[in-house]
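A short write-up of the structure that comes next.
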Amino acid sequence: MNKFIKGIIWLVTAFFVVFVGGGYILPNEVTVERHAVINAPPEKIFALVGNYKRFQEWSPWADIDPATVYKFEGPETGVGQKMSWASNNPNVGTGSQTITEVTDNSHVAVDLDLGNMGKALSFWDLKPATTGTAATWGFKMKFDGVLDRWMGLLMDRFIGPDYEKGLSKVKALAEKEAASG
């Protein structure tokens, strides 16, 4: 019995050392990106992603809770435009996003405040491509604690599918608007 208890203590200690040590070796920042080529000019895509008044048209989270309440502040478009949301659905939650950088028809950077989940950055990059526009929707988040860094390993799995869905919606909307003039 004494050997058994010592073995368990060594096992728990080894697990703790690997967990904590491994956590400090893991990156403290995670980036998730999704890419698509959209058969539309950059200005059609930019009109969707650079204006929060159109966010619900392509947001992957708008369908999850249609009862989400949105509030808009700041300028109509551009740097300083802010959108806050509140939902009782935990998959949507509450938070805000504020546009912090804009390069017309090519780049939008956003500060995200995800409430209890922390703060992050989101961005859109648009570049001309031979068949339209190469679009990238990205997400960056920093992690301070050991447990957070382990959770960072799952961020692509957590938000990647949502980014794919949103990018697909932007593609469909921009291509439809480009085709109609």
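Treat the numbers as computed from the prediction; the structure is a model and nothing was measured.
- For Tyr163, the ring pair (Phe, Tyr, Trp, His ring centres under 6.0 Å) partners at least two apart in sequence or on another chain are Trp137.
- By the salt bridge (charged side-chain N to carboxylate O under 4.0 Å, His left out) test, Glu43 pairs with no residue at all, sequence neighbours left out.
- Residues in residues 76-103 take part in no salt bridge (Lys or Arg N to Asp or Glu O under 4.0 Å) pair, two or more places apart or across chains.
- For Lys44, there are no salt bridge (charged side-chain N to carboxylate O under 4.0 Å, His left out) partners at least two apart in sequence or on another chain.
- The stretch residues 126-136 participates, sequence neighbours left out, in these side-chain hydrogen bond (donor to acceptor under 3.5 Å, both in side chains) pairs: His35-Thr136.
- Residues satisfying the side chain to side chain donor-acceptor pair (under 3.5 Å) test with Asp162, not counting sequence neighbours, are Trp61.
- By the side chain to side chain contact (heavy atoms under 4.5 Å, CB included) test, Asn91 is found to be paired with Ile64, Asn89, residues two or more places apart in sequence or in another chain being considered.
- Taking the ring pair (Phe, Tyr, Trp, His ring centres under 6.0 Å) definition, one finds that Phe143 meets it with nothing, sequence neighbours left out.
- Identified under the salt bridge (Lys or Arg N to Asp or Glu O under 4.0 Å) test for residues 103-118, with sequence neighbours left out: Asp113-Lys119.
- Listed by first and then second residue, the salt bridge (Lys or Arg N to Asp or Glu O under 4.0 Å) pairs involving residues 52-66 are Arg54-Glu57, Arg54-Glu177, Asp63-Lys165, Asp63-Lys169 (not counting sequence neighbours).
- Contacts of Glu164 classified as salt bridge (charged side-chain N to carboxylate O under 4.0 Å, His left out), with partners at least two apart in sequence or in another chain: Arg34.
- Residues in residues 68-123 take part in no ring-ring contact (aromatic ring centres under 6.0 Å, His included) pair, two or more places apart or across chains.
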